[in-house]
Amino acid sequence: MSRRVVRQSKFRHVFGQAAKADQAYEDIRVSKVTWDSSFCAVNPKFLAVIVEAGGGGAFIVLPLAKTGRVDKNHPLVTGHTAPVLDIDWCPHNDNVIASASDDTTVMVWQIPDYTPMRNITEPIITLEGHSKRVGILSWHPTARNVLLSAGGDNVIIIWNVGTGEVLLSLDDMHPDIIHSVCWNRNGSLLATTCKDKTLRIVDPRKGQVVAERFAAHEGMRPMRAVFTRQGHIFTTGFTRMSQRELGLWDPNNFEEPVALQEMDTSNGVLLPFYDPDSSIIYLCGKGDSSIRYFEITDEAPFVHYLNTFSSKEPQRGMGFMPKRGLDVSKCEIARFYKLHERKCEPIIMTVPRKSDLFQDDLYPDTPGPEPALEADEWLSGQDADPVLISLRDGYVPPKHRELRVTKRNILDARPPSGPRRSQSASDAPLSQHTLEALLQEIKALREQVQSQEQRITALENMLCELVDGTD
């Protein structure tokens, strides 16, 4: 008999805790659209939430520090003519976000560091190529300005946002609606799930399905898949009896699962959020009031249940903070942003430790904001792992990127023909988009000042009339 009863793991005691009431974001009218996306995207600077909007689609962007009650007149990002279905922050520029909509378009937006006076209505670029609703967005993990979108037309399009061009269109691989798409760590492969119950591994540049597995989960309800750091595929789905199920698969041998576990009977699709640094997978079901988390290891049973964070309120959606946005001084290893009907609440996952020193074992070097490749390098066949940064001193965005001029310039300007010269921050001109935004802001402020002056003059006249009348 084995003496070792308890499995050794530094993550066995990870616990979740909702932030205090004053750290939540109150009075946000979260979208009621029935779509299985997370409705929320977050990065070290901003929180974005898809909201209810009359006459089109909109989302709200709040600086992370702006907690508490949200002003009902807070500007929205409005440009879509139908509901927004998915949003995703660019991993290489904290001021750039993409949105996908029922109106068949994808829009890419530049979010200023200051709070604008009015709604943001002009995207940097509108990407038109889908013939039906666009419900899935995912930025490439290592190549600059490469964005993937998947639509109700069963097509995956990979764009170069810097030029607005379609890099690749994968239009004959999926015979039915695509439920999820995930890049692997270096962005060389995709894992896709589809209504035809097939899990596929796709090489997008070759336009080939390199491996597939029919009925990884036998139920008809939507399946999700994410790559693990080791190259395995973690899936969530349903059994034939509509029980929720999770699986771990080796793409080199799709015949048998590495692990398969039944969970519970519930209708909510499980959204998996994977942290490659700790190999922990967090499962958040839409409509559930809990987050379950598991550690994936090389030893049986391979997917080890850790714990469940439970609360009273069901979640409408969930945002997942990148590692560089966490507080390393508090041993925080994950942070979620849980959407309620009218608010967004941070949930913090912590490893209990007594020491105040930086915990090297909890925070290996993690992907930073620098891309490893340009779009054309990736398209030509190059692969590169993410450029890693240390979190020892916490993450501070580089100073020259505060205005995001370099990134914004790359996104705005169509590159000239011929070899492209890389532009450093010091010689990057202020882009046309920036100048127009500033001029509009100045004009709006001037109009406000003018109307206030007119109001003061009118009040002074009234006062004079009253004084004359009493005499």
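No side-chain heavy atom of Y305 sits under 4.5 Å from any side-chain heavy atom of Q261. For the pair H130/I157, a side-chain contact is recorded, criterion being any heavy-atom separation below 4.5 Å from C-beta on. Between W378 and N160 there is no side-chain heavy-atom pair separated by less than 4.5 Å. With a 4.5 Å cut-off on side-chain heavy atoms, P386 and R185 count as touching. Counting only heavy atoms from C-beta outward, the side chains of L167 and P204 never approach each other to under 4.5 Å. Looking only at side-chain heavy atoms (C-beta outward), S101 and L85 stay at 4.5 Å or farther from each other. Side-chain atoms of S138 and C182, non-hydrogen and from C-beta on, never get closer than 4.5 Å to each other. Annotation: side chain of N93 is not in contact with side chain of W139 (no heavy-atom distance under 4.5 Å).
For N43 (side chain) and D94 (main-chain N/O), a donor-acceptor pair under 3.5 Å exists by modelled atom type. Remark: side-chain polar atoms of N184 are paired, donor with acceptor, to backbone N or O of L189 under 3.5 angstrom. Of the possible donor and acceptor atoms, none in the side chain of T78 sits under 3.5 Å from a partner among the backbone N and O of A58. Counting only distance, with no hydrogens or angles, the side chain of W159 and the backbone of L127 share no donor-acceptor pair below 3.5 Å. Counting only distance, with no hydrogens or angles, the side chain of D288 and the backbone of S290 share no donor-acceptor pair below 3.5 Å. A donor-acceptor contact shorter than 3.5 Å is absent between the side chain of E218 and the backbone of A216. Of the possible polar contacts, one joining the T239 side chain to the M241 backbone as a donor-acceptor pair under 3.5 Å is found.
Using a 4.0 Å cut-off between a side-chain N of Lys or Arg and a carboxylate O of Asp or Glu, D361 and R353 qualify as a salt bridge. The residues D275 and K323 are annotated as salt-bridged, a charged nitrogen and a carboxylate oxygen being separated by less than 4.0 angstrom. Electrostatic pairing of R69 and E26 does not count as a salt bridge here, judged by no charged N lying under 4.0 Å from a carboxylate O. We find that E52 and R29 are not joined by a salt bridge, their nearest charged nitrogen and carboxylate oxygen being 4.0 Å or further apart. Looking at K338 and E313, no side-chain N of the basic residue comes within less than 4.0 Å of a carboxylate O on the acidic one, giving no salt bridge.
Test V155, N154, D153, D102 against K132 for side-chain contact (heavy atoms from CB on, under 4.5 Å) and you get one pass: D153.
The distance from atom CD of Q23 to atom SG of C344, rounded to the nearest 0.5 Å, is 12.0 Å. Between the NE2 atom of H140 and the CG atom of L147 there is a distance of 11.5 Å, given to the nearest 0.5 Å. For the atom pair CG (L168) and CD1 (I156), the distance works out to 10.5 Å, reported to the nearest 0.5 Å. With values rounded to the nearest 0.5 angstrom, S9 atom OG is found 8.5 Å from H304 atom NE2. Interatomic distance, D88 CG to S99 OG, rounded to the nearest 0.5 Å: 10.5 Å. Of the inter-residue distances, the one linking T350 atom OG1 with R335 atom CZ reads 10.0 Å to the nearest 0.5 angstrom.
Using modelled atom types and a 3.5 Å distance limit, the side chains of D264 and S266 yield no donor-acceptor pair. For the residue pair K66 / T115, no side-chain donor-acceptor distance below 3.5 Å is found, with atom types taken as modelled.
Closest heavy-atom contact between W89 and V96: CE3-O, 3.3 Å. Annotation for Y25 and P346: closest pair CE1-CG, 4.3 Å, computed over non-hydrogen atoms. The shortest heavy-atom contact between S149 and V106 is CB-CG2, 3.8 Å. For the residue pair D203 and V210, the shortest heavy atom distance occurs at CB-CG1, 4.0 Å. Taking every heavy atom of both residues into account, G319 and V42 meet most closely at C-CG1, 4.1 Å. Between R144 and H92, the shortest heavy-atom contact is CA-ND1, 4.2 Å.
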Residues 169-181 side chain polar contacts: donor-acceptor under 3.5 Å, at least two apart:
residue	atom	partner	partner atom	Å
H174	NE2	T192	OG1	2.8
S180	OG	T193	OG1	2.8
S180	OG	A225	N	3.3

Could you tabulate the donor-acceptor pairs under 3.5 Å formed by side-chain atoms of residues 247-255, not counting sequence neighbours?
residue	atom	partner	partner atom	Å
W249	NE1	T235	OG1	2.9
D250	OD1	N252	N	3.0
N253	OD1	E255	N	3.4

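Dense packing is recorded around CG of D360, with more than 12 heavy atoms of other residues, nucleotides or ligands lying under 6.0 Å away. The environment of R342 atom CZ is dense: over 12 non-hydrogen atoms of other residues, nucleotides or ligands sit within 6.0 angstrom. Atom CD of Q17 sits in a sparse spot, with 12 or fewer heavy atoms from other residues, nucleotides or ligands closer than 6.0 Å. Around the CG atom of D356, the shell of radius 6.0 Å holds no more than 12 heavy atoms that belong to other residues, nucleotides or ligands.
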inquiry  = Could you go through I87 and W109, starting from their C-alpha distance and side-chain angles, then the distance that decides it, and tell me whether this counts as side-chain contact (heavy atoms from CB on, under 4.5 Å)?
reply    = CA-CA 11 Å; I87 48 178; W109 308 84; over 6 Å; no
task = Step by step, work out the side-chain contact (heavy atoms from CB on, under 4.5 Å) result for R7 and T297.
result = CA-CA 11 Å; R7 185 180 66 91; T297 70; 3.8 Å; yes
Verdict with reasoning, F46 to N95, per side-chain contact (heavy atoms from CB on, under 4.5 Å) = CA-CA 8 Å; F46 297 107; N95 290 63; 4.0 Å; yes
request  = Dump the intermediate steps for side-chain contact (heavy atoms from CB on, under 4.5 Å) on D277 and Y363, then the final yes or no.
outcome  = CA-CA 7 Å; D277 295 348; Y363 301 105; over 6 Å; no
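Both cation-pi conditions hold for K286 and F39: the charged atom is under 6.0 angstrom from the six-membered ring centre and inside a 45 degree cone around its axis.
Ring geometry for F336 against Y282 counts as perpendicular: the plane angle is over 60°, on a 0 to 90° scale with 30° as the lower cut.
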